[in-house]
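Written out below as structure tokens is the structure these notes cover.
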Amino acid sequence: MKRCDIAAALASEEPRDEIVIKGWVRTRRDQKGFSFLELNDGSCLANIQAVVDEGSEGFERILEMNTGAAVGVTGALVPSPGKGQKWEIKARRVELIGPADAETYPLQKKRHTDEFLRSIAHLRPRTNKFGAMFRIRSETAFAIHDFFRGRGFINLHAPIITGSDCEGAGDMFRVTTLDLGQPLPKDAVEADFFGKESFLTVSGQLSAEVFALSHSKVYTFGPTFRAENSNTARHAAEFWMVEPEFAFGDLHDNMDLAEDCLKHCITHVRTHCAADVELFAKWVEPTLNAQLDAILARPFTRLPYGEAMEILAKCGKTFEHPVGWGKDLQTEHERYLAEEHFGGPVIVYDYPKEIKAFYMRQNDDGRSVAAMDVLVPRIGEIVGGSQREERLDVLERRIAELGLDPAGYWWYLELRTFGSAPHAGFGLGFERLLMLLTGVTNIRDVLPFPRTPKHLEF
RNA sequence: UCCCCGGUAGCUCAAUCGGCAGAGCGGAUGACUGUUAAUCAUUAGGUUGGGUGUUCGAGUCACCCCCGGGGAGCCA
């Protein structure tokens, strides 16, 4: 007989004479002559309770079925006379599939700290919280694809290994097949696998621009690597990024897309992972539902960078970092705008060109570019994007101004030579979206196996 | 990388001025006829992150190192 997911068993409309459940023991409560065994198989947050009578086949090993053990139960799905669950299993047969020594199994039947669970990342998905987290992560990824597919966007698989050191979004990890334990040969770069310097991607944007100018609407969704020595709760060396790119659109279309995308994901996950999201609302961030409601309730505030700076200058608060035209928006500024002044998501746009990347489209005022960042309470920047410079002469001038080598950008410039068109796009930090959705405050707790400086366990 | 805080039993934490290293949970053993992080009783469990120093005496003070957390910068 086939195994039944616990999620399916608990959703059953009627009793079943014969059902097979397999999973891991969360807790066992022994009574005189029988035991309650609660199993979880990851298919849903809830456990299923099996009642194992001393007459059941396999009962002689019940005392070995400790928390953490893998166990199979065959029996009947019956209405539970006890409180707290609709269905339970009246076991006819129990099987100890894989024991777990109670004395050394690290997970207890009580709350653990996130820090401790990070140190046992191979076992933490067996907890309620991280079990829920990684179901939500999966469903959110689906929501991303669902959103863009519904709008006619093509999913582009951008390369992970790149030869262009001009992606410009941060320090890069070097890729090599050379043995770093040996002295490097002469002409090491030429001798290396690709015959030139190679790196892990820091952005799929340049690839996406190519395909935006062939397929009109594309998005990438894949791993991204930044070798920055960042030690914060919002940065990881390996993370996932969603990067849509579309032709024949401008910065305001870009803002619309970002806003709709965030709202779609929130609604989708709340609908399809309701119990899992509730866990976070109950135990992790008590105001989570109110926050998510507030994001969905109204259009995001949109204001030019210059106005944002004026608000910060006039608000009467003293900031650690200076405020004024040309200064970057610091974390304290972002949080003030999103959390205190507007109390919801804010899209800041038209930044000074000096503090943004070379490829962003110059505005007519001569000093700003068509960039936009979406700032949300608690997280800060969750989306960063821009309309791209599609005018060949303007782009060439900007590259020269910044002292960059145009040779490295030859194909990027050719996109502006042959059939150039206005286009725009953004990067959405997938982990930051998960932090927004769950109220979790550390990026290490939304990644299955987080990579951060000096941390490469598991 | 910079600043701040921390590291004591498997986990979460106490330990007064430098004076016998403790509790809860978890584990083990037993009790209990339907439990819900079951309950009750008994019990085992320690190189106080590592090193050096001060002292009659160091978990406690000083210095160095390792590890963790929070904040900042960089960004998504």
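Quick note: numbers below take in every heavy atom, side chains included, and nothing from hydrogens, waters or symmetry partners. A quick note: this is a predicted structure, and the numbers were derived from the prediction, not measured. So you know, we letter chains A, B, ... as the sequences are listed, proteins then strands, and number each from 1.
Spacing of C1' atoms, G30(B) relative to C66(B), comes out at 44 Å, to the nearest Å. Comparing the C1' positions of G51(B) and A41(B) gives an interatomic distance of 45 Å, to the nearest angstrom. Atom P of G57(B) sits at a distance of 13 Å from the matching atom of G53(B), rounded to the whole Å. Taking atom C1' on both G59(B) and U8(B), the two are 6 Å apart, rounded to the nearest angstrom. Here, U12(B) and U54(B) have their P atoms 35 Å apart, quoted to the whole Å. Taking the P atoms as reference points, G45(B) lies 13 Å from A23(B), given to the whole Å. Remark: the separation of the P atoms in A15(B) and A72(B) is 30 Å, to the nearest Å. Comparing G69(B) with G49(B), their C1' atoms sit 15 Å apart, to the nearest whole Å.
In this model, the phosphate group of G70(B) is approached by a side-chain N or O of R444(A) to a distance below 4.0 Å at OP1 or OP2. The phosphate of U12(B) has OP1 or OP2 within less than 4.0 Å of a side-chain N or O from T113(A). Distances shorter than 4.0 Å separate some side-chain N or O of T331(A) from OP1 or OP2 on G73(B). Taking 4.0 angstrom as the limit, H112(A) places none of its side-chain polar atoms (N or O) nearer than this to OP1 or OP2 of G10(B). An OP1 or OP2 oxygen of C2(B) is reached within less than 4.0 angstrom by no side-chain nitrogen or oxygen of N229(A).
With rounding to whole Å, Q330(A) atom CD is found 19 Å from C2(B) atom P. Following rounding to the nearest Å, D171(A) (CG) and G73(B) (C1') show an atom-to-atom distance of 13 Å. Atom CG in D114(A) sits about 16 Å away from atom P in C11(B), given to the nearest Å. In this entry the distance linking CZ of R124(A) with P of C11(B) reads 17 Å, nearest Å. For the pair M435(A) CE and C75(B) P, the interatomic distance rounds to 18 Å; values are reported in whole Å.
Side chains of N66(A) and D101(A): a donor-acceptor N/O pair is absent below 3.5 angstrom, by distance only. In the model, D30(A) has a side-chain atom that pairs as donor or acceptor with a side-chain atom of S35(A) under 3.5 Å. A donor-acceptor pair shorter than 3.5 Å cannot be found between the side chains of E54(A) and S56(A). Of the N and O atoms on the side chains of H423(A) and E209(A), at least one donor lies less than 3.5 Å from an acceptor on the other residue. Side-chain atoms of R226(A) and T224(A) form no donor-acceptor pair, as typed in the model, at a separation below 3.5 Å. There is a side-chain donor-acceptor pair under 3.5 Å between S203(A) and E243(A). Looking only at atom types and distance, the side chain of Y359(A) has a donor-acceptor partner in the side chain of Q205(A) under 3.5 Å away.
Legend: salt bridge (Lys or Arg N to Asp or Glu O under 4.0 Å) pairs involving residues 369-378 of chain A, not counting sequence neighbours, sorted by first then second residue: K356(A)-D373(A). Pairs passing the ring pair (Phe, Tyr, Trp, His ring centres under 6.0 Å) check and including a residue from residues 50-107 of chain A, sequence neighbours excluded, do not occur. Pairs of residues two or more places apart, or lying in two chains, that qualify as salt bridge (Lys or Arg N to Asp or Glu O under 4.0 Å) and include a residue from residues 136-145 of chain A are R137(A)-E431(A). Pairs engaging residues 34-43 of chain A under the salt bridge (Lys or Arg N to Asp or Glu O under 4.0 Å) rule: R3(A)-D41(A), R29(A)-E38(A) [sequence neighbours left out].
Judged by distance alone with a 3.5 Å cut-off, no donor-acceptor contact links the side chain of S230(A) to the base of C75(B). With hydrogens and angles left out, the side chain of N231(A) and the base of U1(B) share a donor-acceptor pair within 3.5 Å.
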Under 3.5 Å, side-chain donor or acceptor atoms of residues 316-326 of chain A against the rest of the protein: list the pairs with distances, not counting sequence neighbours.
{"unit_1": "K317(A)", "atom_1": "NZ", "unit_2": "E340(A)", "atom_2": "OE2", "d": "3.4"}

With a cut-off of 3.5 Å and sequence neighbours excluded, list every side-chain donor-acceptor pair involving residues 232-239 of chain A.
{"unit_1": "T232(A)", "atom_1": "OG1", "unit_2": "R234(A)", "atom_2": "N", "d": "2.9"}
{"unit_1": "T232(A)", "atom_1": "OG1", "unit_2": "H235(A)", "atom_2": "N", "d": "3.3"}
{"unit_1": "T232(A)", "atom_1": "OG1", "unit_2": "H235(A)", "atom_2": "ND1", "d": "2.7"}
{"unit_1": "R234(A)", "atom_1": "NE", "unit_2": "I379(A)", "atom_2": "O", "d": "3.4"}

Listing time: all N or O pairs from protein to nucleotides 32-35 of chain B that are below 3.5 Å?
{"unit_1": "C32(B)", "atom_1": "OP2", "unit_2": "K32(A)", "atom_2": "NZ", "d": "3.2"}
{"unit_1": "G34(B)", "atom_1": "OP1", "unit_2": "Q31(A)", "atom_2": "OE1", "d": "2.9"}
{"unit_1": "G34(B)", "atom_1": "N1", "unit_2": "E88(A)", "atom_2": "OE2", "d": "2.8"}
{"unit_1": "G34(B)", "atom_1": "N2", "unit_2": "E88(A)", "atom_2": "OE1", "d": "2.4"}
{"unit_1": "G34(B)", "atom_1": "N2", "unit_2": "E88(A)", "atom_2": "OE2", "d": "3.1"}
{"unit_1": "U35(B)", "atom_1": "O2'", "unit_2": "R29(A)", "atom_2": "NE", "d": "3.2"}
{"unit_1": "U35(B)", "atom_1": "O2", "unit_2": "R29(A)", "atom_2": "NE", "d": "2.6"}
{"unit_1": "U35(B)", "atom_1": "O2", "unit_2": "R29(A)", "atom_2": "NH2", "d": "2.8"}
{"unit_1": "U35(B)", "atom_1": "N3", "unit_2": "Q49(A)", "atom_2": "OE1", "d": "2.9"}
{"unit_1": "U35(B)", "atom_1": "N3", "unit_2": "Q49(A)", "atom_2": "NE2", "d": "3.0"}
{"unit_1": "U35(B)", "atom_1": "O4", "unit_2": "Q49(A)", "atom_2": "NE2", "d": "2.6"}
{"unit_1": "U35(B)", "atom_1": "O4", "unit_2": "Q85(A)", "atom_2": "NE2", "d": "3.2"}

Atom pairs under 3.5 Å: protein N/O with N/O of nucleotides 23-30 of chain B:
{"unit_1": "G24(B)", "atom_1": "N2", "unit_2": "K110(A)", "atom_2": "NZ", "d": "3.3"}
{"unit_1": "G26(B)", "atom_1": "O4'", "unit_2": "Q108(A)", "atom_2": "OE1", "d": "3.3"}

Quick one: which protein N/O atoms are closer than 3.5 Å to N/O atoms of nucleotides 47-50 of chain B? Pair and distance per line, please.
none

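Residues from residues 375-388 of chain A lying near RNA chain B, meaning a heavy-atom separation below 4.0 Å, are E381(A), I382(A), V383(A) in numerical order. Contacts with RNA chain B (heavy atom under 4.0 Å) in residues 445-452 of chain A: none are found.
Secondary structure note: stems in RNA chain B built from 3 or more consecutive Watson-Crick or G-U wobble pairs under 3.5 Å occupy B:1-7 with B:66-72, B:10-13 with B:22-25, B:27-31 with B:39-43, B:49-53 with B:61-65.
With a 4.5 Å cut-off on side-chain heavy atoms, N40(A) and R126(A) do not count as touching. N155(A) has its side chain within reach of Y219(A): a pair of non-hydrogen atoms, C-beta onward, lies under 4.5 Å apart. A 4.5 Å side-chain heavy-atom check between R398(A) and M360(A) finds every atom pair outside the cut-off.
Applying the 90° criterion around 0 to the glycosidic angle, C5(B) comes out anti.
Summarising the local packing, NZ of K86(A) is surrounded by more than 12 heavy atoms from other residues, nucleotides or ligands at distances under 6.0 Å.
Ring centroids of Y409(A) and F358(A) are separated by less than 6.0 Å, placing the two rings close together.
Using a cutoff of 4.0 Å between basic side-chain nitrogens and carboxylate oxygens, E332(A) and R335(A) are not scored as salt-bridged.
Heavy-atom distances to RNA chain B give each of F239(A) and E320(A) a nearest nucleotide, and the one nearer the 5′ end belongs to E320(A). Taking the nucleotide of RNA chain B with the nearest heavy atom to each of A237(A) and N442(A), the more 5' of the two is matched to N442(A).
Residue F221(A) is tested with F142(A), F430(A), F147(A) for a ring pair (Phe, Tyr, Trp, His ring centres under 6.0 Å); the sole match is F430(A).
A pairwise comparison of heavy atoms in L77(A) and E14(A) identifies CD2-O, 4.1 Å as the closest pair.
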